[in-house]
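The next block holds one structure in the form of structure tokens; read it before the comments.
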Amino acid sequence: MKTVRFHETGGPEVLVYEEVPDPTPGPGQVLIKVEAVGVNFADVLRRRGDPYPMPSPVPFTLGGEIAGTVEALGEGVSQPAVGTPVYVTCREGGYAQYIVVPAETVVPLPAGISPAEATTLVIQGLTAVFAIKENGRFVKGETVLIEAAAGGVGSFAVQLAKEYGAGKVIAAASSEEKRQFALDLGADAAVDYTDPNWAQVVKDMTGGLGADIILEVAGGQTVFQALDALAPFGRMVVYGMASGEAVQVDPQALVIENQSITGFYIGGYFRRKPELVKAEITELVRLVGQGRLKLPVGTVLPLSEAVKAHQLLEGRKTTGKMVLEPWAV
């Protein structure tokens, strides 16, 4: 089968499209024909060799959001039946035409959702849900500011913040096209967070107070600008570091205005709160089915163009979810 791996860390060019043996399911496993795999910024971090909670031993195959069809069942497995459309979340291995996964991780794909759409639903959708509701401790009527609002997580967060009853949703994005994309999804206002003075713009939009919740993903100096845009008693939820630039924040800077910064990692929810994960996935599917939530599929490329996909994602030239299709030409 065809796969994309990196044999050393570095830029997008280290991704190699190559032939490897077809996998075979063992006891308790399922073989999936991969029809779509999501591309996340976590893939970029692992490829670059940046700090990441999970190891990436070379040669390494990225890809943790997979949708496809059950191809074969291992010993002791009877469901889902061969031919069933499914989606799976895993730690690695999705940049390939086939993948073997534990049977208990395989979820039948809801009717009406394409494989490409399914790759957006779990990681991006749940990240937006938990970042706002759980880590952000959202209260109806609050102002939510979303960095990278045209991206995979941001596209969900804009829609869900409105769905949950935010008083104002402010989309932060780096280009006019991306800001308009977020506005079209329902954001109330948009700001250019490459502008050094964007924090003041946010305060002007909010009567001088700032945002109650900020979803922070850029890292670097943007963190300090976001803190300037944070309201008294505000919560900043850090779920990424797209710039690759680490920063140190003085905790005393949070004291006077009773502000807080919390980290977010979706894997912790899968490990420690599986019932909550299941409930929120069910809710996301319900919202999609009712037409109240758009699945933000953006650029779709063949697996053979994984280098281009990483270049676009790392260069902030994407809107919505980046998806690779292993069987596309």
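Quick note: residue numbers are just sequence positions, from 1.
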Roughly how far apart are [X] [atom1] and [Y] [atom2], rounded to 0.5 Å?
X    : Y    : atom1 : atom2 : result
I170 : L183 : CD1   : CG    : 11.0 Å
T127 : L215 : OG1   : CG    : 10.0 Å
E104 : Q29  : CD    : CD    : 9.5 Å
L62  : T3   : CG    : OG1   : 9.0 Å
M322 : K308 : CE    : NZ    : 8.5 Å
T262 : R137 : OG1   : CZ    : 7.5 Å

Results of ring pair (Phe, Tyr, Trp, His ring centres under 6.0 Å) for [X] - residues two or more places apart only:
X    : answer
Y269 : F130, F264
F6   : F60
Y98  : W327

Side chains of [X] and [Y] in contact at under 4.5 Å (non-hydrogen atoms):
X    : Y    : value
L313 : F41  : yes
I66  : C90  : yes
Y17  : V307 : no
L287 : L160 : yes
F233 : V139 : no
Y193 : Q225 : no
E18  : R5   : yes
Q159 : E163 : no

Counting N and O atoms only, with roles assigned by atom type, does the side chain of [X] sit under 3.5 Å from a partner on the main chain of [Y], one being a donor and the other an acceptor?
X    : Y    : value
K321 : Q124 : no
E117 : S114 : yes
N135 : G263 : yes

Minimum heavy-atom separation for [X] and [Y], please, with both atom names.
X    : Y    : result
Y87  : P108 : CE2-O, 4.0 Å
P80  : L73  : O-CD2, 3.4 Å
E147 : V217 : OE1-N, 3.1 Å
R235 : E142 : NH2-OE1, 2.7 Å
T194 : S174 : CG2-CB, 3.7 Å
S155 : F181 : OG-CE2, 3.4 Å

Does this structure show an ion pair linking [X] with [Y], if we count only N-O contacts that are shorter than 4.0 Å?
X    : Y    : value
E275 : K278 : no
R47  : E314 : yes
D228 : K203 : no
E19  : K2   : yes

Take E92 and M54 through the side-chain contact (heavy atoms from CB on, under 4.5 Å) test and state the conclusion after the steps.
CA-CA 10 Å; E92 61 189 77; M54 302 296 173; over 6 Å; no
With side-chain contact (heavy atoms from CB on, under 4.5 Å) as the test, pick out the partner of V86 among V70, T69, L109, V30.
V70
[Y] reachable from [X] in the ILVMFWY side-chain graph, under 4.5 Å edges:
X    : Y    : answer
L209 : I214 : no
I113 : V300 : no
L303 : V100 : no
L126 : V323 : no
V4   : V20  : no

If we ignore angles and hydrogens, is there a donor and acceptor under 3.5 Å between the side chains of D43 and Y95?
yes
I'd like to know whether E216 forms a side-chain contact (heavy atoms from CB on, under 4.5 Å) with I261, so could you lay out the CA-CA distance, the side-chain angles of the two residues, the decisive distance to 0.1 Å, and finally the verdict.
CA-CA 10 Å; E216 211 295 308; I261 301 175; over 6 Å; no
